[in-house]
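These values consider heavy atoms only, across backbone and side chains, with no hydrogens, waters or symmetry-generated copies.
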Amino acid sequence: YDSPGPLVCLDPPEWGNEGDYGRDLFNRDEFAKMASILSGIKGRFILSINDKPEVRKTFAAFHQLPVTTTYTISGNHKPKQVGELIISNVKLKLKGKGS
């Protein structure tokens, strides 16, 4: 399926929360493996992950766009503003209001 046309969206576990999807299902070493695989694909990708220095370093070969989002999934009714990184092999930019 790898060709210039497809866009793949990735949403791996957050850095530091690798066990959230199940014990031993995803470990920290897999971020580097993911970056290596993504560097060789023909298609485009977008990856969303928490903004950590280790993430920036691991995915340094790609475009990175820092954004702010609100986490509400905890269920404690206390929304939390956090930094996320949108990582891609295509140049990214945010459009301003009204764009």
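With sequence neighbours excluded, no residue satisfies side-chain hydrogen bond (donor to acceptor under 3.5 Å, both in side chains) with Ser39. Remark: Ser3 pairs with Pro6 by the side chain to side chain contact (heavy atoms under 4.5 Å, CB included) rule, at least two apart or across chains. Here Glu18 pairs with Arg28 under the salt bridge (Lys or Arg N to Asp or Glu O under 4.0 Å) rule; sequence neighbours left out. Residues satisfying the ring-ring contact (aromatic ring centres under 6.0 Å, His included) test with Phe31, not counting sequence neighbours, are Trp15, Phe26. For Asp51, the side-chain hydrogen bond (donor to acceptor under 3.5 Å, both in side chains) partners are Arg56, not counting sequence neighbours. With sequence neighbours left out, Asp2 forms a side chain to side chain contact (heavy atoms under 4.5 Å, CB included) with Ile41, Lys42. Thr68 pairs by the side-chain hydrogen bond (donor to acceptor under 3.5 Å, both in side chains) definition with nothing, not counting sequence neighbours. Scanning for side-chain hydrogen bond (donor to acceptor under 3.5 Å, both in side chains) contacts around Arg44 gives an empty result, with sequence neighbours left out.
Using a distance-only test at 3.5 Å, with no hydrogens or angles considered, a donor-acceptor pair links the side chain of Thr58 to the main chain of Glu54.
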Practice item. Would you check, one step at a time, whether the test side chain to side chain contact (heavy atoms under 4.5 Å, CB included) holds for Met34 with Leu10? Key: CA-CA 10 Å; Met34 185 184 311; Leu10 300 106; 4.2 Å; yes

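The side-chain heavy atoms of Thr70 and Lys80, taken from C-beta on, include no pair separated by under 4.5 Å. Within the 4.5 Å cutoff, no side-chain heavy atoms of Val8 are placed close to those of Leu47.
Tracing side-chain contacts under 4.5 Å through hydrophobic residues (I, L, V, M, F, W, Y), one never reaches Phe62 starting from Leu92; they form parts of separate clusters.
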What side-chain donor-acceptor pairs closer than 3.5 Å can you find for residues 84-91, not counting sequence neighbours?
residue	atom	partner	partner atom	Å
Glu84	OE1	Ser48	OG	3.0
Glu84	OE1	Ile49	N	3.3
Glu84	OE2	Tyr71	OH	2.3
Ser88	OG	Phe45	O	2.5
Ser88	OG	Val90	N	3.1
Asn89	OD1	Phe45	N	2.9
Asn89	ND2	Gly43	O	2.9

